[in-house]
Amino acid sequence: MSYIGYHKKGFTIKADVSLGLDTSKDFDIQGKNTNLGVFNNAALGAGYSFVRTEKLLFGATAMLALDLSYFSYDDEEKISGVTHNYKNEVTFLTFSTGADVFGSVRLGNTVNLFANVGVRYIVIGNGKIDRTDKYEKDNVTYEGKTTINNDLKGKFLVQPTVGIIWRF
C-alpha cells in the first residue's frame, strides 16, 4: 500500500507499507540458485512531484525505511546411520535511507497504474542465520543450534514496484 499526497506547488509526502515474496541469490540455504522467502517493509518520505497533471504524476522523495526479510528451509542428512533434521532460517532486519522515483498514469476515475524504484543505503542492519540440528540416538533426542550474525551496514537495497492505485 502506498500513499502519495502533494501540494499544488509540488511538495510531496509518500508512505509505503509492503508485504510480499522475496528472492535472493546472495546465499544458499534452499539448495536452489534463487532462495524464496517473504518480506515486509515500511517507508516514509518527503520530496517533490515534477509532473502533477490530472492524468500523470511523476516525482521523487527522500525516504527512511524499515525492512524485514525471512527465508527458511528444512532438510535432513544421514550421518553414521543417524538421521539429522535441520531447520535453516535467514532473517534480515535493516533501517535504511535513500530515495524513491515514482510515477502514475490515470486509467479511469479511480484507478491509476503505478511504478516506483526505491534505492536505500543500510544505516543499521543485521543478517542472522540460524541452523538447528535435531536427531535421536539410543532413544535420546539431541538438539543443537548454530547462529551466525552479519553486519549489513553499508549495503544497498533496490526495490522496484509496479501496482494499481485506487484514488479517493
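Hydrogens, waters and symmetry mates play no part in the numbers below; they use all other heavy atoms, side chains included. This chain uses plain numbering: 1 for the first residue, then up along the sequence.
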Is there a side-chain contact between [X] and [Y], using heavy atoms and a 4.5 Å cut-off?
X	Y	value
D16	D100	yes
F11	S49	no
T12	R52	no
L157	V119	no

### Point-to-point distance, once rounded to the nearest 0.5 Å, from NZ of K87 to CD of E76
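So the NZ of K87 and the CD of E76 are separated by 14.5 Å.
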
### Message
Quick check for you: to the nearest 0.5 Å, what is the distance between K155 atom NZ and S96 atom OG?
### Response
14.5 Å

Nearest non-hydrogen partners of [X] and [Y], listed with the distance:
X	Y	answer
T97	V123	CG2-CG2, 3.8 Å
A46	I13	CB-CD1, 4.1 Å
A15	L44	CB-CD1, 4.0 Å
K9	Y48	O-CE1, 3.2 Å
A43	R120	CB-NH2, 3.8 Å

Please determine whether residues [X] and [Y] belong to a single hydrophobic cluster, defined as Ile, Leu, Val, Met, Phe, Trp and Tyr linked transitively by side-chain heavy-atom distances below 4.5 Å.
X	Y	value
F95	F156	yes
V17	F39	no
F92	I129	yes
F102	M1	no
I148	I122	yes

#### Entry: L21 and L36: CA distance, side-chain angles, deciding distance, side-chain contact (heavy atoms from CB on, under 4.5 Å) verdict
CA-CA 7 Å; L21 294 177; L36 183 62; 4.3 Å; yes

#### Entry: Centroid-centroid distance, F71 to Y73, less than 6.0 Å
no

Name each donor-acceptor pair under 3.5 Å that joins a side chain in residues 131-142 to protein atoms two or more places apart or in another chain, with its distance.
residue : atom : partner : partner atom : Å
R131    : NH1  : N88     : OD1          : 2.6
D133    : OD1  : H84     : ND1          : 3.0
D133    : OD2  : H84     : ND1          : 3.0

Please table the atom pairs, donor to acceptor, closer than 3.5 Å between any side-chain atom in residues 56-70 and protein atoms at least two apart or in another chain.
residue : atom : partner : partner atom : Å
D67     : OD1  : N41     : ND2          : 3.1
S69     : OG   : D22     : OD2          : 2.7
Y70     : OH   : E89     : OE2          : 2.5

#### Entry: Residue among I4, V51, N112, N116 satisfying side-chain contact (heavy atoms from CB on, under 4.5 Å) with S104
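Among I4, V51, N112, N116, the one that satisfies the side-chain contact (heavy atoms from CB on, under 4.5 Å) with S104 is N112.
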
### Task
Using a cut-off of 6.0 Å, state whether more than 12 heavy atoms not belonging to I164 lie near its atom CD1.
no

### Task
Go through the structure and list residues passing salt bridge (charged side-chain N to carboxylate O under 4.0 Å, His left out) with K128, not counting sequence neighbours.
D130

